[in-house]
Amino acid sequence: MLQTGLIPNAHNDLVTDAAYDFYGLRLATCSLDQRIKVWQLDERSGSWSVEDDWKAHDAAVTKVSWAHPEFGTVLASASFDRTVKVWEQVPATDADSPQANGGAGPSSGSRWVERAMLVDAKGTVHFGLKLAMISSDNYLRVYECLEQPSLTTWQLAEEVDILSLPATSPLSGSLSQTADGGWCISWCKDRYWGEVIATGCGISGVVKSPVAVAAARNLLTLDPSPPLSGEGTTKASPAADGDAPTPFAITSVAWAPSCGRSYHLIATGGRDGHVRIWRARPPTSSDEQDGEDEAEGGRWAASVVGDFDDHKSGVGRVEWNITGTILSSAGNDGRIRLWKVTAGSVWRPAGHISVEQAEEPDVDMDDHVVED
């Protein structure tokens with residue numbers, strides 16, 4: 001049974017992003033009103049109350065992301081003012097901070113202090129010891145914190161033009177209109193394979209996964225259009241012969257926690273209304289021992305294991321649960337839909353939530369399945 005909660009009038013304008021902390025007990029939201037709010041869950045009543053609220057940027061705030069708790073209580077935010085800021089929660093009595101910006105809640109006994117501001121570009125954010133952003137100039141930038149305790153000094157470690165990376169689709173290297181484009185980013189949760197990032201930009205409908213170190217090397221391309229050759233990608237929905245692929249933006253990408261699997265799951269959502277689940281397999285140990293190079297056998301491979309168009313409209317966000325077994329997607333149809341793997345590694349719809357809690361006819365799930 002799906003249970004929902006409602007925070008009415010959370011902001012004075014459109015809410016652009018929401019992110020739970022590591023424990024799922026706090027929620028950070030941002031909005032076109034330029035403010036960030038941090039909410040605390042009352043586990044007994046199930047209600048949310050504002051813990052902190054402050055004006056964070058000089059334009060709409062588009063993305064917020066929590067750091068892992070091992071680095072303290074830290075948030076990163078991105079905005080249309082072309083800055084990314086790093087915030088740290090400190091006791092309200094700490095008046096020694098030199099930063100002018102920050103905020104405090106009415107009863108939290110703490111305040112959020114701006115520790116760093118990165119001005120190279122606007123974009124989506126993932127934060128840890130390193131912070132990555134993708135912006136409308138189609139550049140992936142990776143920053144490294146040089147002074148971890150203070151969080152004040154950051155160095156640009158990598159900068160790469162995503163559109164310049166090789167891909168199989170003729171559209172993926174050429175189309176990047178800002179008005180219709182989508183920019184999204186997600187880190188690989190398994191550190192064994194290095195700092196790998198899934199990145200989408202423009203209206204190519206393609207996701208590329210470069211290595212954050214020496215990022216000009218592209219490990220994997222997720223391209224739902226018919227490939228130019230038989231290698232590298234698997235098409236999700238074949239086009240009729242002679243039909244040109246319709247360009248669309250990938251608006252969200254999410255790399256699932258691996259949890260010991262021998263493969264990776266990557267979910268994408270786009271303005272074509274499709275939620276796609278990709279299975280990505282890294283090179284096997286035998287490939288590495290045989291010395292096969294990337295152009296031959298020791299390469300990543302991906303295939304589509306789920307392709308759903310139930311939203312019938314643009315998909316704004318996809319997100320995995322903590323074990324990577326359930327995927328949620330939010331679309332312009334006003335619904336959050338859940339997808340779950342069943343016996344035989346077949347992905348099926350698992351339910352939906354809408355603000356109106358409208359009744360929807362039962363879905364024949366067999367019509368919406370791509371078998372492995």
Side-chain angles (χ1 to χ4, degrees), residues 165-172 184 186-190 192-193 196-200 204-211 217-240 245 248 250 252-270 272-288 292 294-310 315 318-320 323-327 329 339-350 365-372:
L165 296 178
T168 58
S169 170
L171 291 176
S172 59
C184 51
S186 181
W187 288 85
C188 175
K189 306 300 189 294
D190 189 347
Y192 175 81
W193 299 103
V196 183
I197 304 174
T199 306
S204 65
V206 171
V207 172
K208 299 179 181 179
S209 298
V211 186
R217 186 165 65 95
N218 187 31
L219 289 183
L220 180 66
T221 298
L222 306 182
D223 186 354
S225 65
L228 294 179
S229 65
E231 304 178 51
T233 62
T234 299
K235 58 186 179 182
S237 51
F248 63 91
I250 294 294
S252 182
V253 59
W255 203 305
S258 62
C259 293
R261 287 187 292 261
S262 61
Y263 56 88
H264 297 265
L265 293 173
I266 304 172
T268 62
D272 63 346
H274 283 253
V275 174
R276 296 182 176 92
I277 302 172
W278 300 78
R279 174 179 289 181
R281 290 188 178 276
T284 63
S285 57
S286 60
D287 291 338
E288 297 173 354
E292 299 180 7
E294 285 189 335
E296 307 245 341
R299 65 168 67 205
W300 288 61
S303 60
V304 176
V305 294
D307 187 354
F308 307 92
D309 64 350
D310 295 42
V315 179
V318 291
E319 199 68 55
W320 293 95
T323 56
T325 55
I326 299 177
L327 175 70
S329 62
W339 317 94
K340 186 176 181 179
V341 68
T342 61
S345 300
V346 177
W347 287 87
R348 300 179 184 271
M365 293 185 295
D366 290 337
D367 294 337
H368 299 266
V369 170
V370 176
E371 296 192 6
D372 183 17

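The residues of the chain are indexed from 1 along the displayed sequence.
- When all heavy atoms of Val318 and Ser252 are compared, the closest pair comes out as N-OG, 3.0 Å.
- Scanning both residues, Trp320 and Trp347, for their nearest heavy atoms gives CZ3-CH2, 3.4 Å.
- The distance from the CG atom of Asp307 to the OG1 atom of Thr268 is 8.5 Å, given to the nearest 0.5 Å.
- Between Val315 and His274, the shortest heavy-atom contact is CG2-O, 3.9 Å.
- In this structure, Ile266 and Val253 have side chains that are in contact, with non-hydrogen atoms separated by less than 4.5 Å.
- Using a 30° and 60° split on the angle between ring planes, Phe308 and Trp339 fall in the parallel class, below 30°.
- Pairing each heavy atom of Ala302 with each of Leu222, the nearest pair is CB-CD2, 3.5 Å.
- Between atom NE2 of residue His264 and atom OG of residue Ser258 there is a gap of 6.0 Å, rounded to the nearest 0.5 Å.
- Nearest approach of Lys340 to Ile326, heavy atoms of both residues: CG-CG1, 4.2 Å.
- Shortest non-hydrogen contact noted between Trp300 and Ala280 is CE3-CB, 4.3 Å.
- To the nearest 0.5 Å, atom CZ of residue Arg276 and atom CG of residue Leu327 are 13.5 Å apart.
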task: Applying side chain to side chain contact (heavy atoms under 4.5 Å, CB included), run through Leu265 and Ile277 and close with a yes or a no.
output: CA-CA 7 Å; Leu265 293 173; Ile277 302 172; 4.2 Å; yes
